[in-house]
Engineer: 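The structure follows.
Since the structure is predicted, the reported quantities are computational estimates derived from the model, not experimental observations.
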Amino acid sequence: MVISIILCVSIRYSQFEFAFGSQYDNLLIYTSVSESEFLTYDDLITGFSIKYPPHWDRAQHIDKSITFTAPKESNSNTIPAGLGIIFKEVASNVSLSYISQTQLNTLKNLYPDINILESSDITFAVHPAHKIIFTATDSTLHLRKAMQIWFKDDTKKYLILYKADVEKFPQYLPTIEKMLNTFYTSK
């Protein structure tokens with residue numbers, strides 16, 4: 001089961017990276033939106049809810065993951081930022097520390113040039129969680145900055161990924177933080 005989780009996460013990473021290399025037809029300029037203007041996404045199957053900016057694209061994937069991507073900026077041919085949420089079933093006896101070690105090993109294997117800037121245990125959406133911030137070169141050969149948060153809720157594991165161009169990371173972080181502050185799981 002653990003190998004299955006690692007393989008699924010690895011596959012999702014490459015698909016999430018693809019979103020940053022894709023091109024959009026609409027050329028919008030990023031503007032700040034208040035949380036009250038956000039749209040709500042409720043995932044009744046996996047049991048979570050999150051709000052997101054109305055001008056961001058939302059994509060649901062067959063593996064039950066979802067991505068929210070910022071609109072392409074007029075002076076760029078890549079998507080500047082995005083948030084992905086991956087959900088997996090896990091055994092109830094799998095610990096957060098085991099998930100963390102597995103995830104860190106997976107990241108090191110996926111990104112040989114990974115530079116972990118921060119790694120800490122936190123509380124996220126009332127759950128014990130782990131957060132890392134790092135830089136690495138993605139499959140499009142662009143250096144990206146990323147934040148990942150993972151936590152377990154009984155037999156469910158959630159992995160939340162925020163990735164952006166290194167120079168855009170701080171610009172989109174306030175929006176990502178607003179989104180994360182609206183995230184909750186239903187029991």
Side-chain angles (χ1 to χ4, degrees), residues 2-24 30 50 52-53 56-57 59 61 63 65-73 75-88 90 94-125 127-152 157-181 183:
V2 172
I3 293 172
S4 173
I5 292 170
I6 293 170
L7 289 174
C8 290
V9 169
S10 297
I11 291 167
R12 286 305 309 141
Y13 276 117
S14 62
Q15 290 173 345
F16 188 64
E17 282 184 1
F18 178 74
F20 287 99
S22 63
Q23 295 185 6
Y24 281 12
Y30 175 76
I50 191 168
Y52 64 98
W56 284 38
D57 285 330
H61 307 281
D63 66 353
S65 67
I66 185 159
T67 53
F68 302 92
T69 52
K72 185 176 121 176
E73 296 177 344
N75 61 349
S76 175
N77 62 358
T78 62
I79 297 170
L83 181 79
I85 302 170
I86 300 170
F87 161 85
K88 300 290 178 205
V90 294
V94 173
S95 68
L96 180 62
S97 62
Y98 181 79
I99 293 169
S100 294
Q101 189 58 53
T102 302
Q103 186 62 23
L104 289 168
N105 288 339
T106 300
L107 287 170
K108 289 175 184 175
N109 288 331
L110 284 172
Y111 305 112
D113 69 336
I114 190 168
N115 180 19
I116 297 176
L117 306 171
E118 178 185 327
S119 180
S120 60
D121 291 328
I122 62 168
T123 300
F124 179 77
H127 300 283
H130 193 86
K131 175 177 104 172
I132 64 168
I133 297 175
F134 63 93
T135 60
T137 303
D138 68 10
S139 63
T140 64
L141 304 180
H142 289 94
L143 183 65
R144 307 286 187 195
K145 188 170 183 179
M147 175 177 66
Q148 292 189 0
I149 299 171
W150 54 83
F151 68 95
K152 184 178 175 231
K157 176 186 118 177
Y158 294 89
L159 174 63
I160 301 171
L161 316 116
Y162 162 49
K163 190 187 314 184
D165 291 328
V166 173
E167 63 277 357
K168 299 290 183 184
F169 189 91
Q171 176 185 341
Y172 286 91
L173 187 58
T175 299
I176 296 299
E177 288 173 340
K178 286 179 189 176
M179 292 172 71
L180 294 177
N181 285 335
F183 183 95

Engineer: Taking the side chain as every heavy atom from C-beta outward, state whether I66 and F87 have any pair of such atoms under 4.5 Å apart.
Structural biologist: no

Engineer: With a 4.5 Å heavy-atom cut-off, do M147 and L161 have their side chains touching?
Structural biologist: no

Engineer: Please report the shortest heavy-atom distance between H130 and S119, naming the atom on each side.
Structural biologist: NE2-OG, 2.8 Å

Engineer: Check F183 against A125 and note the closest heavy-atom contact, atom names and distance.
Structural biologist: O-CB, 3.8 Å

Engineer: Checking side chain to side chain contact (heavy atoms under 4.5 Å, CB included) for the pair L83/Y52: CA distance, chi angles, key distance, verdict?
Structural biologist: CA-CA 10 Å; L83 181 79; Y52 64 98; over 6 Å; no

Engineer: Output yes when a side-chain donor or acceptor of S65 lies under 3.5 Å from a complementary backbone atom of H61, and no otherwise.
Structural biologist: no

Engineer: Mark yes or no for whether Y111, through its side chain, and F134, through its backbone, hold a donor-acceptor pair below 3.5 Å.
Structural biologist: no

Engineer: Any donor-acceptor pair under 3.5 Å linking the side chain of K152 with the backbone of V94?
Structural biologist: yes

Engineer: Supply the atom-to-atom distance L104 CG to Q148 CD, rounded to the nearest 0.5 angstrom.
Structural biologist: 8.5 Å

Engineer: Counting C-beta onward and ignoring hydrogens, is there a side-chain heavy-atom pair between D63 and K88 closer than 4.5 Å?
Structural biologist: yes

Engineer: Kindly determine whether I116 and I114 satisfy side chain to side chain contact (heavy atoms under 4.5 Å, CB included), including the steps that lead there.
Structural biologist: CA-CA 6 Å; I116 297 176; I114 190 168; 4.1 Å; yes

Engineer: For residues W56 and M179, determine if any side-chain heavy atom of one lies less than 4.5 Å from a side-chain heavy atom of the other.
Structural biologist: yes

Engineer: For L173 and Y162, which heavy atoms make the closest approach, and how far apart are they?
Structural biologist: N-OH, 3.5 Å

Engineer: Would you say the side-chain atoms of Q101 and N105 include a donor-acceptor pair closer than 3.5 Å?
Structural biologist: yes

Engineer: T135: what forms a side chain to side chain contact (heavy atoms under 4.5 Å, CB included) with it, not counting sequence neighbours?
Structural biologist: N115, L117, L143, K145

Engineer: Looking only at heavy atoms, what is the nearest atom pair of P80 and K72, with distance?
Structural biologist: CD-CA, 4.1 Å

Engineer: Please list, chain by chain and in numerical order, all residues satisfying side chain to side chain contact (heavy atoms under 4.5 Å, CB included) with A129, sequence neighbours excluded.
Structural biologist: I122, F124, I149, F151

Engineer: Mind checking the CD1-NZ spacing from I86 to K157? Nearest 0.5 Å is all I need.
Structural biologist: 8.0 Å

Engineer: Are side-chain heavy atoms of F68 and D57 found at a separation under 4.5 Å?
Structural biologist: no

Engineer: Would you say D113's side chain and T137's backbone share a donor-acceptor pair under 3.5 angstrom?
Structural biologist: yes

Engineer: Going by the side chain to side chain contact (heavy atoms under 4.5 Å, CB included) test, name the single residue among L159, T67, I160 that passes it with I85.
Structural biologist: I160

